[in-house]
Every structure is written in structure tokens, then in C-alpha cells.
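Working notes, beginning with the structure itself.
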Amino acid sequence: MAPVRPNRTIALLSAAGTLAGIDTQLERAGVRVARISTLEFSPVPPEHWRSRIMRGRTFDTVVATSRTGVAAGVVPWLRTSGPRVRSCEFWAVGPGTAAALREAGVRVVRRPRLAGTPALARALRRTEPRTILYFRSDRAGPGLARSLRRMGHRVSDVVVYRVASATLLTARDRRRLAAATLWVATSPSSLASLSHGLPAPTWNRLRDTATLVVLGERSRRAAIGLGVRRVSVVPVTTTQRFTRRLLRELDHVGP
């Protein structure tokens, strides 16, 4: 492992398990990663949503946009769907979700060249109309389902887990945030949770001084809406490419 140089610390603001694998890549490059969990997830019991989607409709496509969506939605659906699953095409929003689908037993997983729901929607725009089962959180909203329906797809939009802000951040987490050279936020929810989890004076000070990297346009708009001054978008394609982009962002921040 390369030695950690001054001003080479990244604060990763996310739920546990997000962007799994980048810690090792960054640490090999001499970067310290401080993971700060800003979100808490709770699954919706499958009996609350399963009967609705089992009623008469056969799906040819399943869309998952997070690891938690796979655990809370895809896995219980697979257990009860039987042979209908064999003809389904599975789409993941990014590499982490694709890995979770494979861990759940899905052999073939498709995903767009870039991570994120806009790229996923663009990929599905080029296909014939499909019958899509889409598993998501309550915070994700119906935007992706609406976009797909406008393209002619039939979409069952199913909320399988709920997202809550983590409790007030600890003094240790506040110190790690203040010391980080770069923040990485994985979703608008993680940013909103961060702003609520800090005392107002601390948040106001840090948002003026932090350099923030986000994973998509929705997160960029959310950051700007929260008053963060320095924001850039870095797409996730592979762990290696994402790591290289973060290293370049660190170099731009300063020595």
C-alpha cells in the first residue's frame, strides 16, 4: 500500500456497501477513505407488494437500481416466481447492482455503458416495448418509471424498501468530514441526510469549503440546491475507471 500523503483523504457519503471495492483501489494509490453512513434502509415486507405484481402479468424485463433493491425486491421475487424468471432480462443501473444480481443467482445481467438511471433509460429507449418490473426505494420517486412508460414500455413500479436519514452525525464523523480533501456523495438522499445530520453552523461552513464529487445529474442538482459551491459529476463505469477519475479530482484540489 502506498503511503498516505497530506490532503489525500476522501469522505464517502453513502449507505454501507455502496461502491464496494473502491476502498482497496484508493488505498493502494495512497488515499485514505473515510466511509460515513448517512442513510438507513428498511425493507417493505414482500407480502405487502408481491400479490399485486403476481396478478396475471408476465414480465420480460427486471430493473434494479441499487444493491438494497436487489436484496429487498429481486431476491424475494425470485424465490416465488418459478419458471417465469428464465425468460426475463435483468438490467442493473451500475456495477455494484450488477454484482448484487449475480450474487442473487442471476447469470446474465445487462447494464448501460455509464452508471445511472438516465443512462439506463437511454439504453431501454432503443428496445422494443417491454413489460418491466422495477424495484426501487420510496425516495427514488417515479421518474424512471414515467420515462420508460413514455417510451412505450409497460412498467410495474414497486417500492420494496424505505430510506431514512441516519441519526445526528458523531463528533468523530464531523472531524473526518472537515479533514477530507474530497467528498463523494452517491445519491441526493445521502446529501440531504448529511445536511440534516450536522448542526446548521457546521453544515454551512463545510458546504462552502468542501469539494464534492457526485455520481449523476440528479445529485449535482441536489448539491447545488443545498448550497454546495464546488460540485463535479464523475460517472461510474468500472471500479478501476472510477478510481482513476477520483485520483484526478484529488490532483485538481491541490497538493
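Atom set for the values below is all heavy atoms of this structure, side chains included, hydrogens, waters and symmetry mates excluded.
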How long is the straight-line distance from [atom2] of [Y] back to [atom1] of [X], given to the nearest 0.5 Å?
{"X": "Leu13", "Y": "Leu39", "atom1": "CG", "atom2": "CG", "value": "9.5 Å"}
{"X": "Arg146", "Y": "Met151", "atom1": "CZ", "atom2": "CE", "value": "14.0 Å"}
{"X": "Arg221", "Y": "Leu191", "atom1": "CZ", "atom2": "CG", "value": "13.0 Å"}
{"X": "Glu249", "Y": "Arg244", "atom1": "CD", "atom2": "CZ", "value": "14.5 Å"}
{"X": "His48", "Y": "Arg52", "atom1": "NE2", "atom2": "CZ", "value": "12.5 Å"}
{"X": "Leu148", "Y": "Thr61", "atom1": "CG", "atom2": "OG1", "value": "9.5 Å"}

Flag, side chain of [X] to backbone of [Y], donor-acceptor distance under 3.5 Å:
{"X": "Asp138", "Y": "Val163", "answer": "yes"}
{"X": "Thr97", "Y": "Ala92", "answer": "no"}
{"X": "Arg207", "Y": "Leu226", "answer": "yes"}
{"X": "Arg149", "Y": "Val155", "answer": "yes"}
{"X": "Ser147", "Y": "Gly143", "answer": "yes"}
{"X": "His153", "Y": "Leu124", "answer": "yes"}
{"X": "His196", "Y": "Ala192", "answer": "yes"}
{"X": "Ser193", "Y": "Ser189", "answer": "no"}

ILVMFWY network linking [X] to [Y], side-chain heavy atoms under 4.5 angstrom:
{"X": "Leu120", "Y": "Phe59", "value": "no"}
{"X": "Val63", "Y": "Val44", "value": "no"}
{"X": "Ile132", "Y": "Val159", "value": "no"}
{"X": "Trp91", "Y": "Val109", "value": "no"}
{"X": "Val70", "Y": "Leu144", "value": "no"}

**Message:** Whether the Thr131 and Arg154 side chains hold a donor-acceptor pair (N or O, under 3.5 Å, no angle test) is what I'd like checked.
**Reply:** yes
**Asked** Can you tell me if Arg136 and Thr65 form a side-chain donor-acceptor pair at under 3.5 Å?
**Response** no
**Item:** Verdict with reasoning, Tyr161 to Trp49, per ring pair (Phe, Tyr, Trp, His ring centres under 6.0 Å)
**Value:** CA-CA 11 Å; Tyr161 69 100; Trp49 51 263; over 10 Å; no
Please report the closest heavy-atom contact between [X] and [Y], naming both atoms and the distance.
{"X": "Ser219", "Y": "Val214", "result": "CB-CB, 3.6 Å"}
{"X": "Pro76", "Y": "Pro46", "result": "CB-CG, 3.8 Å"}
{"X": "Arg126", "Y": "Arg122", "result": "NH1-O, 3.5 Å"}
{"X": "Asp208", "Y": "Arg230", "result": "O-NH1, 4.1 Å"}
{"X": "Thr243", "Y": "Leu26", "result": "CG2-CD2, 3.6 Å"}
{"X": "Ala185", "Y": "Ser190", "result": "CB-OG, 3.8 Å"}

Between [X] and [Y], is any pair of side-chain heavy atoms under 4.5 Å apart?
{"X": "Leu133", "Y": "Ile53", "result": "yes"}
{"X": "Thr117", "Y": "Val93", "result": "yes"}
{"X": "Leu206", "Y": "Trp183", "result": "yes"}
{"X": "Pro118", "Y": "Glu217", "result": "no"}
{"X": "Thr181", "Y": "Thr211", "result": "no"}
{"X": "Leu247", "Y": "Arg8", "result": "yes"}
{"X": "Val160", "Y": "Val74", "result": "no"}
{"X": "Phe90", "Y": "Arg111", "result": "no"}

**Message:** Tell me if the CD atom of Glu47 is crowded by more than 12 foreign heavy atoms within 6.0 Å.
**Reply:** yes
**Message:** Phe135 vs Ser156, test: side-chain contact (heavy atoms from CB on, under 4.5 Å). Steps then yes/no.
**Reply:** CA-CA 9 Å; Phe135 294 112; Ser156 289; over 6 Å; no
**Option among Val213, Ile22, Leu212 that satisfies the side-chain contact (heavy atoms from CB on, under 4.5 Å) test with Val184** = Val213
**Prompt:** Step by step, would you call Val106 with Arg102 a side-chain contact (heavy atoms from CB on, under 4.5 Å)?
**Reply:** CA-CA 5 Å; Val106 178; Arg102 294 188 189 99; 5.8 Å; no
For the pair [X] and [Y], find out whether any cationic side-chain nitrogen is under 4.0 Å from an anionic carboxylate oxygen.
{"X": "Arg248", "Y": "Asp251", "answer": "no"}
{"X": "Arg162", "Y": "Glu40", "answer": "no"}
{"X": "Arg32", "Y": "Glu27", "answer": "no"}

**Request:** Mind running side-chain contact (heavy atoms from CB on, under 4.5 Å) on Val62 and Tyr134 for me, showing each step along the way?
**Result:** CA-CA 6 Å; Val62 176; Tyr134 167 38; over 6 Å; no
**Request:** Could you go through the side-chain contact (heavy atoms from CB on, under 4.5 Å) check for Glu103 and Arg67 one step at a time?
**Result:** CA-CA 10 Å; Glu103 291 164 7; Arg67 283 179 169 272; 3.8 Å; yes
